[in-house]
**Student:** 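Just passing along the structure, written as structure tokens.
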There are 2 protein chains.
Amino acid sequence: MGQPERPDAEMSDNKKKTQFLTEVELEFMTRLWELGQATVRDVQDALAPARKLAYTSAATILRILEQKGFVTSTKQGKTFIYQAALSKDTYQSRSLKNLSEKLFDNAPATLVARLVDDYDLTEETLGEIRALIDKRLRDDKR
Amino acid sequence: MGQPERPDAEMSDNKKKTQFLTEVELEFMTRLWELGQATVRDVQDALAPARKLAYTSAATILRILEQKGFVTSTKQGKTFIYQAALSKDTYQSRSLKNLSEKLFDNAPATLVARLVDDYDLTEETLGEIRALIDKRLRDDKR
DNA sequence: CCCTTTCTACGAAGACGTTCGTATTTCTCC
DNA sequence: GGAGAAATACGAACGTCTTCGTAGAAAGGG
């Protein structure tokens, strides 16, 4: 009784959590990560000229981002102040993990290989990367 | 000559080239990359159980992929044989470049840093990556 | 106090994505 | 050669994304 029939048998997640940002949302999060805190106006002003949006569009995007849990807001007077609820580092990790799973058979070494092959990395950059690996190898040893 | 000026701004491309695959499209391309050549039926059968689609849905996705230029087809009798028009390597490169630009300020070293920090990479994997860097450093020297 | 400015809330419109059903074509083989 | 199986073509239905306009609330200064 009570519960309506769910013949389907498939999951039960009430809210489908949106793990990833859409194109425009990413642009907005990037601005927020840079600004730290910002009003709709602040973010709108910070958009690259090529991607300017109407003020109300910017407000809509921020409202959606809050609905999805990517940002939080506090009210100051009549104005909302927005802040990222998710660090850029965290989102970078999530995205990389996803890319690795979906496109690199979960083999990070393959991913790095492609990166190193494709980019004209400077000797300096290569050195940096190597240092990271070495550090990690040393740390793991302990 | 002939080439019309395209100062910058935005393009008037009649066809908006879709650079990237959607979720379902990527799943299909992954199957095609594995199979090499395949009919609608082949691809449908190869889908993970959790992602099974009706036969006509599979056919639709492949038709769309062809419209977008990601696959080509040849007719064999009444049946289409599909094949990826884009190598997995190429698509990996494109995706990595995009991620690097959009989320890592175009700094591949940062990307690798995050990867190395987040994953519990085995010593072996780390060694592989290191070898790749070293090889590249050596090659660049010449 | 009321006019202007600035904000939020919400809905509309159009593009795209996903899934499938129906209609049509094509092949096969008794 | 006709019936049935298997393929393709297409469009409907529904959801999400992106963009914006309109409407109404909140300040605040003359």
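Lettering follows sequence order; numbering is per chain, from 1. Just so it is clear, the values below take in all heavy atoms, side chains as well, and ignore hydrogens, waters and symmetry mates.
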**Student:** For A/Y55, what residues pass the side-chain contact (heavy atoms from CB on, under 4.5 Å) criterion, not counting sequence neighbours?
**Tutor:** A/V40, A/R41, A/Q44

**Student:** How would you list all residue pairs meeting salt bridge (Lys or Arg N to Asp or Glu O under 4.0 Å) that involve residues 75-90 of chain B, not counting sequence neighbours?
**Tutor:** A/D105-B/K88, A/R114-B/D89

**Student:** Starting from C1' on D/dT16, measure out to CD on A/Q19 and report it in whole angstrom.
**Tutor:** 17 Å

**Student:** Rounding to a whole Å, what distance do you find between B/I64:CD1 and C/dC20:C1'?
**Tutor:** 12 Å

**Student:** Base, sugar-phosphate or nothing for B/E25? Non-hydrogen atoms, less than 4.0 Å.
**Tutor:** nothing

**Student:** So what does B/Y55 touch, heavy atoms closer than 4.0 Å: a base, only the sugar-phosphate, or nothing?
**Tutor:** base

**Student:** Tell me: CZ of B/F20 to C1' of C/dG17, nearest whole Å?
**Tutor:** 17 Å

**Student:** Closest nucleotide of DNA chain D for A/K68 versus for B/Y82: which of these residues is on the 5' side?
**Tutor:** B/Y82

**Student:** Tell me which nucleotide among C/dT18, D/dA7, D/dC17 gets nearest to the side chain of B/T79.
**Tutor:** D/dA7

**Student:** Pick out the pairs of N or O atoms, protein on one side and nucleotides 20-25 of chain D on the other, that lie under 3.5 Å.
**Tutor:**
unit_1: D/dC20; atom_1: OP2; unit_2: A/A54; atom_2: N; d: 2.9
unit_1: D/dC20; atom_1: OP2; unit_2: A/S57; atom_2: OG; d: 3.1
unit_1: D/dC20; atom_1: N4; unit_2: A/T60; atom_2: OG1; d: 2.8
unit_1: D/dG21; atom_1: N7; unit_2: A/T56; atom_2: OG1; d: 3.1

**Student:** Pairing donors with acceptors under 3.5 angstrom, does anything connect the side chains of B/N98 and B/S95?
**Tutor:** no

**Student:** Nearest whole angstrom, please: distance from the C1' of C/dC16 to the CD1 of B/I61.
**Tutor:** 12 Å

**Student:** Check whether any side-chain nitrogen or oxygen of B/K75 sits under 4.0 Å from OP1 or OP2 of C/dT25, and answer yes or no.
**Tutor:** no

**Student:** When the distance from CD of A/Q76 to P of C/dT8 is rounded to whole Å, what number comes out?
**Tutor:** 12 Å

**Student:** Can you name the residues that form a side-chain hydrogen bond (donor to acceptor under 3.5 Å, both in side chains) with A/E34, not counting sequence neighbours?
**Tutor:** A/R31

**Student:** Only counting residues at least two apart or in another chain, list the ones meeting side-chain hydrogen bond (donor to acceptor under 3.5 Å, both in side chains) with A/T72.
**Tutor:** none

**Student:** List the residues meeting salt bridge (charged side-chain N to carboxylate O under 4.0 Å, His left out) with B/E123, not counting sequence neighbours, and say none if there are none.
**Tutor:** A/K141

**Student:** In whole Å, I'd like the distance from the CD atom of B/E23 to the P atom of D/dC17.
**Tutor:** 12 Å

**Student:** With sequence neighbours left out, write down each residue that passes side-chain hydrogen bond (donor to acceptor under 3.5 Å, both in side chains) with B/K97, or none if nothing qualifies.
**Tutor:** none

**Student:** Could you list by number each residue of residues 27-51 of chain A showing a heavy-atom separation from DNA chain C of less than 4.0 Å, or answer none if no residue does?
**Tutor:** A/V40, A/R41

**Student:** Atom CZ of A/F70 and atom P of D/dC17: how far apart are they, to the nearest Å?
**Tutor:** 10 Å

**Student:** Rounded to whole Å, how long is the line connecting atom CG of B/L21 with atom P of C/dG17?
**Tutor:** 11 Å

**Student:** Residues two or more places apart in sequence or in another chain: which of them pass side-chain contact (heavy atoms from CB on, under 4.5 Å) with B/D139?
**Tutor:** B/K135, B/R142

**Student:** Are side-chain heavy atoms of B/F20 and B/R94 found at a separation under 4.5 Å?
**Tutor:** yes

